[in-house]
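Below is one structure, written out as structure tokens; the observations come after it.
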Amino acid sequence: MTALAATRRTPRIDSTNGVWVALGITLIVGGILVATDGGSLFGQNSTVSLLQRAAGLGIVAVGQTFTILAGSLDLSVAYVISLTSLIAAETMAGSDGRVLPAILAVLAVSGAIGLVNGLLITKLRINAFIATLGVGLLIKGYLEQGYAGPAGQVPVSFQHLGYDRIGPIPVSFLLFIGVAAVAWVVLKRSRFGHHLIATGGDLDVARLSGVRTDWVLIRTHMICSLCAGIAGLYLASRLGAGAPRVGAEGGYDLESIAAVVLGGAVLAGGKGGVAGTVGGVLLLAVIDGIFNQLAVDPFFKQVVRGVVIVAAVAIYALRLRRKAVAA
Amino acid sequence: GNPAATASADAGAGTGETSSFFVQADYDNEIALRTATASGPADKPWEQALNPTNVDTAKYKKAGPYNLCFSNAGVGNPWRQVGFKNMQAEVKLHPEFKSFQVADAESKDDKQISDINDLLGKGCDALIVSPNTTATLTPAVEQACAKVPVIVFDRGVNTKCPVTFINPIGGYAFGAAGAEFLTEKVKPGGNVLALRILPGVDVLETRWAAAKVAFDKSQLKVVGVEFTDGDAAKTKTIVSNYLQRFGTIDGIWMDAGATAVAAAEAFEDAGKPFPAIVGEDQQDFLRMWQDRKLTAVAPTYPTYQWRTPVIAALKILKGEQVPSPWKLPQPTITDANLSQYVDPSMPPLHYAMCGCSDLPGYPGEWGGK
Amino acid sequence: MTRTDAPTGPATLGQSRRGRWGAGSIWPVVAILLVLLVAVGIRQPDFYDPPALLAFLKRAAPLIVLAAGQYFVIVAGDFDLSVGSLVTAEVVIAARLIDGDPAATWPVIAVVLAFGLLVGLVNGLVTTLLLVPSFITTLGMYLILVGAVYTWTGGSPRGALSEEFRMFGRRGIEGVPWLGEIPYAVLILLVLGTLAILAMRADFGKVLLAVGDNPRAARLAGGRVAGVRTIAFVISGGCAAVAAILLGGFGGVSFQVGVGLEFTAITAVVLGGVVLGGGRGSVVGAMLGALTLQTLLTLLNLLGVAGALASAVQGLIILAAVAIGGLRART
Amino acid sequence: MDSPEPPDALLTMLGVGKSFYGVPVLSDVDIDVHPGEVHAVVGENGAGKSTLMKIASGVHQPDTGTLTIAGRPATLPDPRAAQAAGVGIIHQEFNLLPERTVAENVFLGREPTRRGLVDRRAMRARTAELLAAVGAEVVRPHDRVRDLGIAQQQVVEIVKALSLDARILIMDEPTAALADHEVELLYALVRRLQARGIGILYVSHRLAEVFDLSDRITVLKDGRRVTTVDTADATPEGLVRHMVGRELATYYPPKAAGAGPTVVSVAGGGNARLKPLDLELRAGEVLGVGGLQGSGRSALARALFGVEGFTTGRMTLDGKAVRPRSPRQAVRAGIAYVTEDRKGEGLTLSQSVLDNALLASRAATPRWFPDKARTTTVRELLAAVEVHAAGADQEVRYLSGGNQQKVVLARWLAMGPRVLLFDEPTRGIDVGAKAAIHELIRDLAEKGAAILMISSELPELLGMSDRIVVMRDGALAGELPGDASEEAVLSLATGTPHEVSA
Ligand SMILES: Nc1ncnc2c1ncn2[C@@H]1O[C@H](COP(=O)(O)OP(=O)(O)OP(=O)(O)O)[C@@H](O)[C@H]1O
Ligand SMILES: Nc1ncnc2c1ncn2[C@@H]1O[C@H](COP(=O)(O)OP(=O)(O)OP(=O)(O)O)[C@@H](O)[C@H]1O
Ligand SMILES: [Mg+2]
Ligand SMILES: [Mg+2]
């Protein structure tokens, strides 16, 4: 038995790293397809665009990873993004000196929305789907009532976030990677991360083990909203103004969930991770990029996206089942 | 004597506050343009311009064939669909273009910004942009201006750098046309219901803002301003509710015609006479108008404007002068010219003011028979 | 602890209190509905004239049918996010196939129903056989349907619905004394509602509840878990097809017809006391939830709540209603 | 602990009362536990034992009464507060996260940190120490709990409670999932903890254990404390009388006079978990299946029932070849399976008692219109097996374990099955209900059913079986007559040679 204990496990290919395999294959196949079409998938401009597009969705998806791991979900992110982009742009009002207050205001508001989501779910026991949908509707109503289009203005200095790049890598993509790295550490290495995964794995077990599950869920939702707030900041910087429809039109709610699930997370909670989510986001972005290069009809693109999401999850599920049978 | 009607009087469902989008100068300008005479070929409104001031484009002159690029906000509604077909067909008319590369932003602002960057890497000779929202695309368009001649149409951007900006007269003119029609046709004191698609879209906001000006000056009672999401069933429900509440509705104003048929049907289903109604140039409405002899008007936001940017691009690349801004005429369909536009062979949501009947592939490409 | 002597005696008071108001119960939604109906009645007394009431039911019918279909899926522990896009797809398909030709009406209705059932079947099989969580399956189906139907029609609906097709959502049996017109939509709703209630009373319904509650136990008791769940999706697809026929009839062709309906239907079901995750709640509750939502919209309309605020008010009321249900379940 | 017999109790609960949804579950219960003492709590299913333990560990809050911990009044709003106050608990149901490692489970909620981050190395090291302390080095700190057997999971539960350094340890049926020889390990552990001055509240249905381990015994009945006695002064008969309020026959029902015809025969049946085996079930006979944890007994039952069916060999039922590919086919062929995991696999907890009892009939032979006669039959069956519930429409989740098991039994009885497979039918069930279930099983056999009964409790296995097969490592290790000795079963199960004294 002691001999057995010493053996190390070989790393497994499972749902959380399967997405990277899929990403590799997609890059190769896509690269060839685009090349035969006479274009280049890896050209400077297309790479920049690809990474750029990944950044916004990526930041939201990292936040969504938290909620899904905790067995919850957040459908209000799209509206939080719109709202915070407006708060950012209106607070800045084109002046350099007000960038910091704007950032603080965005973080405060998005954190507060997360808090409300969390309280509704834990204290009033409203299912997360309905709670966040309801909060989303509230924010939507506010936006529609209060805004007739883009508003506010971001100073040029703040637009560096949206437009600058280091080599082929946009600053915003670095921001996404930074957010993902922090999230990775939090989930893997902090007590909160352990508690979050336990809460998502089995709420009762976590509670009976002394985890304050309510508090964990509240913090989880705050983090998710904060990520949406950061995405709102990024979009404000990219658009130069706040946009009341940018979140909903971007489909950030369902797409962020799709990215997380593509990354191998289990919707029921407790299983998945940031690395997978980053893979999921990149996979969606690469598919997008390929279709962009091939100038594929946007509607057909939608069909392919749907098929890819379902097929990927089906493959994960079948692998899991085969493993269970083999055990 | 209707208790509901008296109850509603205090509800004061008037025209509400002025939209933050209302800009008096623009309004005045557009109202003035409605009576301006256009220069250009009479049978080709997409080549006409109102009060043109031409700019010199010699510095963009280069030898063909050209690589034309287009960053499209999206094709998410029939209006954009018809328009995009127009544009594709227009490109085919000109052998000077060796390629036409399109990036579709799927109504996402940030995607469109990336798309523009992406297109710039593909060796465009000229770039046409149909921005998803005004303002937000400004930085991206400014970047593009530095590299290629840029032509913006439909919605604008907050920069003067594009070579030209093409659009019809605009939302104020559109909204005013419908509202003025109602003030003419509905007896003073009559009930008018305003149906809007969505709040917060600039082109639609200006339409309502202008209508509001007209209604505020009139004797009409605006009993409600409702958002329909462009959904026919919801529109019908709303109109039915209003009919029940007020007994009669004498006029319907709309900021876009997509649900005009549904609104009219609600009267039919309730057994009430049709009101005076504002629609748009979509075939289903025009057909109903003709069949049921509606009292109607159809202001248009012509889809033929999608042809103009291609024409402009060619002129610019050839170094010819172009109007900047390029204001296109914005005709209104009335009883007098209705029969000219009704075409039973086209799909119900086809826009009659497409100026496309002479284009290659018509009518099949547009879904007609 | 008090035990009743008869092992299977009548429920004690303490027990039934929970049963009456807790999660899965229909009473909270009934209470909310009554309040809303009274409010509507005060604002507009002639709302209760039979013809007006029937017209209201006619407008509510599509959502109620959708909610009933969604109920079957939710109570089995799944989601169906594809119904909204399915409704759109069906209307657009019907318009293109009929193309204004009255003779095509009945065959096209058959095609529409068959397509709805087929989409449900695919959803069900992918979920049960390929083990994809239904949230993802139907999200994928949603994207696929939207994309496919736009691709097929080149981005804008073509053709037109015949009057015969539109009759179901638009017209009714006319000249009925006192009632005026009995809309066909209301009749269809009555038939489907009755069928849904019967299905839930039958063994199928009980097994469905068991599957939503504990699929492993249901399987080990001899239940066809995959089969039952798949049938739930097929029912949902079928209901979406019927809703599409009603909505297409009522409003005509557009790409907007189904937008957001999946969320509205799920909200209605939850408002009716059905628990997301499965195993609790009744189909009557789900249908009442839909009726409640529709009443709420009417009331907001009557109160002249500005269009843009309506969604905020709606969100607030949904949160409040569900919170009340949730809190009651706890005590 | 300085003095060997400190005057103060570690934990005192006085006048504790608790109701759920208006139904009183506990009323006016007093109990205390002293340092170094094992205080056993016994009682029928549903007597309120677990509820009392959950109050002591902060899971539930009492409606009335007081808690005193180490002489100070205490309120325990949540399990965390209880942990802080030094109360640890091993719950009746498993409380582990299958996807996480042993170490992560053990330290869940109390992860050690270094510089703000979880110190995984310390966590593993400490877990390894604790595992070594209970003699379970087989389990490694980085193993995923999902990959462990049930007994090993129980070890993790115990280690988790130990890691608290609790002064008061509550064990709610810690041996329910353990086989007899593993129980010995637990005994040793309890004694060691006792020696360290830890006070232990010990809930069990196995009276032998109670007498082996405890210093004092409290009997609960219907949520009230009946008596508290020193173990030295107690007798099993007396205890049982207090628990059930009547005398109980302590022996098993008489065995079958002779076996009927073969109902099920398996030749060379095997699958991924089972090596090919031959087996016969005969009408009127109870075939006991013995073996250690994970020896494949459940796998055998599941194969017969078509859950994970045989992939090799032949199986016949009443002479006809069958190979159930799903539980549904098995049920329709007349086979019934009472699973060992009642909550996870047996019950639909949010449904009513009646719906649960009707589930198999409805699932296997669905009808489109409610079948009144069937419902009446099931109601009668529920009464016949003496299910104690507030009503037939009470949700099954609120029944005690024993009553839940009876609901499952009623479900299968309604099917009139030819073959019944019982997997640990009396696990976690009180003596009264246990005797009733034994009677029922025997009764079914007498009526001609063929019965297979898996049991980890040797007295039960020996007392009930007409024939015994013993499994080891997924294979049949041998067959024994019904009157075999415990040693004979154990030696076959463990593979150690033993003189069979038949
Ligand atoms: N959360 C709850 N809600 C409602 N009723 C409950 C709850 N928990 C327990 N009960 C009821 O309280 C009573 C006592 O249950 P408890 O689990 O304490 O019994 P027990 O003595 O541990 O039984 P067993 O020996 O079967 O484990 C039972 O009738 C049970 O139905
Ligand atoms: N669903 C399952 N998935 C993976 N492994 C399993 C599963 N069920 C059982 N096993 C493993 O297969 C082996 C045989 O288990 P089985 O349950 O048949 O044994 P058993 O003798 O009945 O033991 P127990 O008393 O624990 O049920 C064990 O190692 C067990 O851990
Ligand atoms: Mg217990
Ligand atoms: Mg077993």
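Throughout, a chain's letter reflects where its sequence line sits, starting with A, and its residues are numbered from 1.
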[Y] and [X], any side-chain heavy atoms less than 4.5 Å apart:
| X | Y | value |
| --- | --- | --- |
| L247(C) | K236(B) | no |
| E265(B) | R166(C) | yes |
| Q256(C) | T228(B) | no |

Region of E365(B) in contact with chain C, defined by heavy-atom distances below 4.5 Å: backbone
K234(B) versus chain C, the contacting section by heavy-atom distance below 4.5 Å: neither
Are N241(B) and R59(C) linked by a side-chain donor-acceptor pair shorter than 3.5 Å? yes
Quick check on the interface: out of D231(B), L349(B), D269(B), who has the most heavy-atom pairs with chain C under 4.5 Å? D269(B)
Nearest 0.5 Å, please: how far is [atom2] in [Y] from [atom1] in [X]?
| X | Y | atom1 | atom2 | result |
| --- | --- | --- | --- | --- |
| S254(C) | N77(B) | OG | CG | 11.5 Å |
| R158(C) | W366(B) | CZ | CH2 | 11.0 Å |
| Q81(B) | T153(C) | CD | OG1 | 7.5 Å |

With R245(B), the side-chain contact (heavy atoms from CB on, under 4.5 Å) member among L302(C), N301(C), D46(C): L302(C)
Is [X] in contact with chain B via its backbone, its side chain, both, or neither, using a 4.5 Å heavy-atom distance?
| X | answer |
| --- | --- |
| R171(C) | side chain |
| F56(C) | neither |
| E181(C) | neither |
| F255(C) | neither |

Measure across A262(B) and G251(C) and return the closest heavy-atom pair with its distance rounded to 0.1 Å.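 That would be CB-O, 4.1 Å.
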Residue Y142(C) excluded, over 12 heavy atoms near OH under 6.0 Å: no
Quick note, salt bridge (Lys or Arg N to Asp or Glu O under 4.0 Å) partners involving residues 249-261 of chain C, not counting sequence neighbours, are none
Would you check, one step at a time, whether the test side-chain contact (heavy atoms from CB on, under 4.5 Å) holds for V75(B) with Y150(C)? CA-CA 10 Å; V75(B) 280; Y150(C) 272 86; over 6 Å; no
